[in-house]
Amino acid sequence: MLRLVALLGAAAAARGQPPGDDTQAQDAAVVYPVAPTSTLKSCKNDEVFCYNKNACVLPDPHAADFCVPEAIDLVGVGSFRWGASTAAYQVEGGAYEDGKGLSNWDVFAAVPGRVANGDTGDVAADSYHRWHEDVELLADLGVKHYRFSVSWSRVLPKGEGEVNAKGLKYYNNLVDALIKRGITPTVCLFHWDLPQALEEQGGWLNKEMITRAFTNYARVMYEALGDRVKTWITLNEPGTVVYMGYNMGLMAPGRCADRRRCAKGDSFREPLVAGHNMLVAHAHAVDAFRREFKPRFGGTIGMVNCVKWAEPQDRADASQWKLAQFLMEAEIGFFTDPLYFGDYPLSLRDTVGGAEGPLPQFTPTEKRLLAGSQDFFGLNFYTSHYVWDPPQGGGIGPQGGSSWLFVTPGGLRNQLHWITARYGAPPIYITENGCDQPDEDRAADPSKPDHFRIAYMHEYIEQAAVAALEGVNLQGYYVWSLLDNFEWADGYSKRFGIVHVDFDGNQDRTPKTSYYWLKRLLSTLGKASPNHGKYKEGSAAAALPAALAPLPAAAGPVPMAADVNVPSPWARLAATGGMMLALASVALGLLVWRRRRRGSERLPFAFPWRKRGYDEIM
Ligand code: PNW
């Protein structure tokens, strides 16, 4: 029932109608009929999806009977964005060339013991020199979108002040080459590499400095590329930066409370302060874009956030659902509630000490700038976990190459519904999704088929498409990643690319089997479904009949937005249904936080991961 109300509300919100008006919902339901998702043709069979076996026979990207799941076929056409993603520090290299300034990742990675095998991003995939090959790979793959990030210190070596013309030229050339090959750039301003000069002034902890510097850097980029770049991303995953960089100290700037690992830091206060300042900087950069550049260039802007779908191990246990809801509010609501509602989830603030706690308050101006400050929801999604009390997560499903990555395609579908319900059906781009294949190490043989990755992508994309047919306003999918790259603290020991990069050779690129699989998928789309054309492109609400069909039990109830002051009728509906849940969630959160504080310095949403069973969620 909860789920039905959520879906109705979301679909109605998408149409700008008051939720709960069943007459209108039913009227809309008959306009654009689509096949109920349960009857959609799927390609899944045991032979194809053998994640943990060595001998997968299919899918062969060259097979005559190549299979495209019907949901993907229906959704992934027309203006749906197919793309690939990378990030500057992970692929560029050229760390000390052409006037680039030091970034905090140059400094962090140079300290022995911080990155696996002493790897650094000095050369990475060498995209600073081989970018034209990357553009050709994208064009040949058939994607029409490329998401890359700008190295702030390449453009502004000191973070502020003088612009490095050679740095800017690199991005100008890249953008021109992409457009020439029919590929639309999506540009991210900050994917974790902060100019070291700014880090030395306090980095994200220095609110006034970082807000000014980030907004001015954004202005430099809007001015330089705004005539050709129409999709901007301010920040990539602030949550990962504050958790890994300021709580655990495992990524730059390497701050935490544990003095055996970190020279400086406070694992409780600093993540909250740094995260807060990232939100304020985002708000000002968006404001500058909308007032000073958008009238001239047009374009859209948003932030990218990452979340792990959380769900109970025991689906009948309401308290576990509440805990899952709290964890997602803490992980993603921390950064996305302010973008839609102008403030943090109450459950987060209360859990970290309320008004007197270390989570700063937004000023009235900041709240105004934040509310409505993204045009689209950028979602990086990889994995899911179980919660139980006490909150120790357990990854769900077969494990990928990374210790934190478990294969849970259904989690993506659920997550998309959660976002849709909480934020009123915003347009969503999946800005990253992909995996590292368990048997691909540094010495991996690129000619060995990466069936694990193909199965992962196949299933995740299908679940995302099913969510779209159920009413989620999904508008694009960017695979992570085009290239094997510098996987942060794991260095080159993990490979997320659909193109192999030879890190011990000359950074030579070799497309993997998954590259050919995606290429075939894209070239086959629009031909696989008898229902093709019945789905009205761009109209998520059009899929209401599918939304009304019961989701399989595995999808679980969609938790409700319960404790936020949402200025819409949908919020009122959510609030009535969710008041009890909010209260319980806050109480439970406090309880959990108290318990954790005794033995730990960590934030309440940090938890160890363990592999658990797989069947329940799928
Ligand atoms: C993303 N999780 O980080 C980053 O945006 C990329 O730079 C990175 O290479 C990629 O994912 C793969 O790690 C994530 O715990 C970090 O769910 C952690 C999670 C997800 C994404």
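The structure presented is a predicted model; accordingly, all values stated were derived computationally and were not measured. Counting starts at 1 for both ligands and their atoms, following the listed order.
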A.B. asks: Kindly identify the option in Glu487, Met251, Lys494, Glu331 whose heavy atom sits closest to atom 9 (O) of ligand 1.
C.D. replies: Glu487
A.B. asks: Given the side-chain rings of Trp192 and Tyr89, with only the six-membered ring counted for Trp, is the space between their centroids under 6.0 Å?
C.D. replies: no
A.B. asks: CZ of Arg509 to OH of Tyr515: how many Å apart, nearest 0.5 Å?
C.D. replies: 12.0 Å
A.B. asks: Hey, is ligand 1 close enough to Trp480 that some N/O pair sits below 3.5 Å?
C.D. replies: yes
A.B. asks: For Cys306 and ligand 1, answer yes if some heavy atom of the residue is under 4.0 Å from a ligand atom, otherwise no.
C.D. replies: yes
A.B. asks: Taking the six-membered ring for Trp, are Phe190 and Trp204 ring centroids under 6.0 Å apart?
C.D. replies: yes
A.B. asks: Please work out whether any backbone atom (N, CA, C, O) or any side-chain heavy atom from C-beta onward of Asn380 is under 4.0 Å from ligand 1, and answer side chain, backbone, both or neither.
C.D. replies: side chain
A.B. asks: Are any side-chain N or O atoms of Asp266 and backbone N or O atoms of Arg269, one a donor and one an acceptor, separated by less than 3.5 Å?
C.D. replies: yes
A.B. asks: Report yes or no: does Trp488 have a heavy atom closer than 4.0 Å to ligand 1?
C.D. replies: yes
A.B. asks: Report, in ascending order of atom number, the atoms of ligand 1 lying under 4.0 Å from any heavy atom of Asn236.
C.D. replies: 5 (O)
A.B. asks: Among His385, Lys308, Glu432, which one puts a heavy atom closest to atom 6 (C) of ligand 1?
C.D. replies: Glu432
A.B. asks: Ignoring angles and geometry beyond distance, decide whether Asn485 reaches within less than 3.5 Å of ligand 1 through its nitrogen or oxygen atoms.
C.D. replies: no
A.B. asks: Between Trp480 and Tyr478, is the gap from one ring center to the other below 6.0 Å?
C.D. replies: no
A.B. asks: Side chain, backbone, both or neither: which part of Thr383 has a heavy atom under 4.0 Å from ligand 1?
C.D. replies: side chain
A.B. asks: Tell me if the aromatic rings of Tyr382 and Trp404 count as close, with their centers under 6.0 Å from one another.
C.D. replies: yes
A.B. asks: Check ligand 1 against His191 and write out every atom of the ligand that is under 4.0 Å from a heavy-atom position of the residue.
C.D. replies: 4 (C), 5 (O), 6 (C), 7 (O)
A.B. asks: Tyr492 and Phe486: aromatic ring centres closer than 6.0 Å?
C.D. replies: yes
